[in-house]
Amino acid sequence: MIAFRRRSELATPATNDRMFAKAAASDADLVFLDLEDAVAPALREQARAKAVTALNDQDWGSTARAVRINGIDTRWAYGDIIEIVTGARENLDTIIVPKVTAARDVWWVDVLLTQIEATLGLTEQIRLEVLIEDVAGVANAQAIATASPRLDALIFGAGDLSVSQRARVDTNFKPRVSYPGDFWHYARMQVLTAARVGGLLAIDAPYPDFKDEKGYAEDAEHAAALGFDGKWAIHPAQIAIANEVFSPTEAEIQRARKNLDAYRAAEAQGLGATSVDGQLVDAAHVKLAEAVLAQVPGA
């Protein structure tokens, strides 16, 4: 079980200096400075220095510090990794790798990082999160999830996946016509299942319409119901929603504690199950209760 939370991951363009302080002071569990889609191609090399300055100069508190590099199929990827890690050193926690299609993509980043860390004498291993946002990535999700001990999370990316599978969706990656059920259920479950096989966190896709707080909350709730651990936020206004949705409610916490206490009492009497408020509580319910309490800091 991973001992940290990623309820909210805030995207911040690496070229936007005025956003850095606000991002660092936010309540996001992780902030990533984006060198990829949020940056014009002509500025992607310049953006590296800005990201390094932000990582080194801002007070990030307990927020995890990350950078999303360009895909390894581009000419920028190796330079992103070398310049960012060399410049930020211990002030970088995680690299987010986009458009991962196979285990070899993760392996390539892992090997390069290992060499850089050895050269710089870094004692803390830089972690990885990877985006599954291509049909090949969905098909190879389990191999990707077990490709490196550096991995902490798989991230579902609906945007590029829409293009990859030629889906007819709107700007929020929702189907343009009436569709029965959850349009992204299969892909989400592939990512979630692979993450659990690899012992990783599962992070849900961004929701582009940041003014639609109700829509974002619904999207987050659906992902949380499946078992996702968190969701991307493309605007600070989405952070509080994600943090709330992906945290257990007080009622859930109290119920989990009540079930555990009742089961332990029954266990002491040699019983393998008991009832709480007229409902069965057995070993499976104990696991559910423990999973809820694992999300509570200090529990």
Side-chain angles (χ1 to χ4, degrees), residues 2 4-40 43-71 76 80-81 83-98 124 126-131 133 152-153 155-159 201 203-213 215-217 219-220 223 228-247 297:
I2 296 172
F4 56 83
R5 299 193 291 178
R6 292 286 187 270
R7 301 164 302 173
S8 53
E9 297 196 348
L10 176 64
T12 303
T15 49
N16 198 327
D17 308 67
R18 60 186 178 81
M19 286 188 176
F20 296 154
K22 188 173 184 179
S26 75
D27 290 327
D29 290 333
L30 176 146
V31 170
F32 70 90
L33 305 179
D34 193 8
L35 299 175
E36 194 207 19
D37 287 350
V39 178
L43 300 177
R44 290 186 182 179
E45 292 179 2
Q46 297 173 236
R48 296 169 187 161
K50 289 180 176 287
V52 167
T53 298
L55 290 167
N56 290 337
D57 294 353
Q58 296 295 329
D59 180 3
W60 294 92
S62 61
T63 302
R65 304 155 297 182
V67 167
R68 175 165 69 163
I69 63 170
N70 286 279
W76 298 291
D80 289 346
I81 297 171
E83 289 190 35
I84 295 294
V85 176
T86 301
R89 301 174 72 96
E90 293 86 356
N91 293 324
L92 175 68
D93 300 307
T94 299
I95 287 177
I96 297 177
V97 187
E124 292 293 325
I126 293 169
R127 310 303 298 168
L128 295 177
E129 296 188 5
V130 301
L131 274 154
E133 50 183 340
D152 286 333
I155 306 162
F156 167 53
L201 298 174
I203 309 300
D204 193 43
Y207 190 86
D209 186 357
F210 59 85
K211 292 184 179 180
D212 181 12
E213 295 185 359
Y216 179 82
D219 217 39
F228 275 75
D229 300 284
K231 187 172 181 63
W232 269 17
I234 64 164
H235 189 278
Q238 296 177 330
I239 295 171
I241 300 171
N243 286 348
E244 179 180 356
V245 170
F246 291 98
S247 296

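Quick note: residue numbers are just sequence positions, from 1.
Note: R68 CZ to I84 CD1 = 13.5 Å, rounded to the nearest 0.5 Å. Separation of atoms OG1 (T12) and CD1 (I234) is listed at 11.0 Å; rounding is to 0.5 Å. Atom OH of Y216 and atom NZ of K231 lie 6.0 Å apart (nearest 0.5 Å).
Looking at residues two or more places apart in sequence or on another chain, you find a side-chain contact (heavy atoms from CB on, under 4.5 Å) between E90 and L122. A28 meets the side-chain contact (heavy atoms from CB on, under 4.5 Å) test with S8, L10, S26, V31, I239; sequence neighbours excluded. By the ring pair (Phe, Tyr, Trp, His ring centres under 6.0 Å) test, F228 is found to be paired with no residue, residues two or more places apart in sequence or in another chain being considered. Under the salt bridge (Lys or Arg N to Asp or Glu O under 4.0 Å) criterion, E133 pairs with no residue at all, not counting sequence neighbours.
Residue pairs that meet the salt bridge (Lys or Arg N to Asp or Glu O under 4.0 Å) test with at least one member in residues 48-61, sequence neighbours left out, are D17-K50, R48-D80, R48-E83. Within the structure, ring-ring contact (aromatic ring centres under 6.0 Å, His included) pairs that include any residue of residues 8-35 comprise F32-W232 (at least two apart or interchain).
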Would L131 and I96 count as a side chain to side chain contact (heavy atoms under 4.5 Å, CB included) here? Give the steps. CA-CA 7 Å; L131 274 154; I96 297 177; 4.2 Å; yes
Could you please spell out the steps behind the side chain to side chain contact (heavy atoms under 4.5 Å, CB included) verdict for L35 and R44? CA-CA 6 Å; L35 299 175; R44 290 186 182 179; 5.9 Å; no
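Within the 4.5 Å cutoff, the side chain of E129 has heavy atoms near those of the E9 side chain. Annotation: side chain of F246 is not in contact with side chain of R5 (no heavy-atom distance under 4.5 Å). Taking the side chain as every heavy atom from C-beta outward, V67 and L55 approach each other to under 4.5 Å.
R7 places no side-chain N or O within 3.5 Å of a backbone atom of E244 that could act as its donor or acceptor partner.
The residues D29 and R6 are annotated as not salt-bridged, no charged nitrogen and carboxylate oxygen being separated by less than 4.0 angstrom.
Under a cut-off of 6.0 angstrom, the local environment of CG in D212 is crowded, with over 12 non-hydrogen atoms contributed by other residues, nucleotides or ligands.
Across I69, I155, N70, a single residue satisfies side-chain contact (heavy atoms from CB on, under 4.5 Å) together with P98, and that is I69.
Looking at every heavy atom in both residues, V39 comes nearest to A14 through CG2-N, 4.3 Å. Nearest approach of D34 to E36, heavy atoms of both residues: OD1-N, 2.9 Å. For A54 against L33, the heavy-atom pair with the smallest separation is CB-CD1, 3.8 Å.
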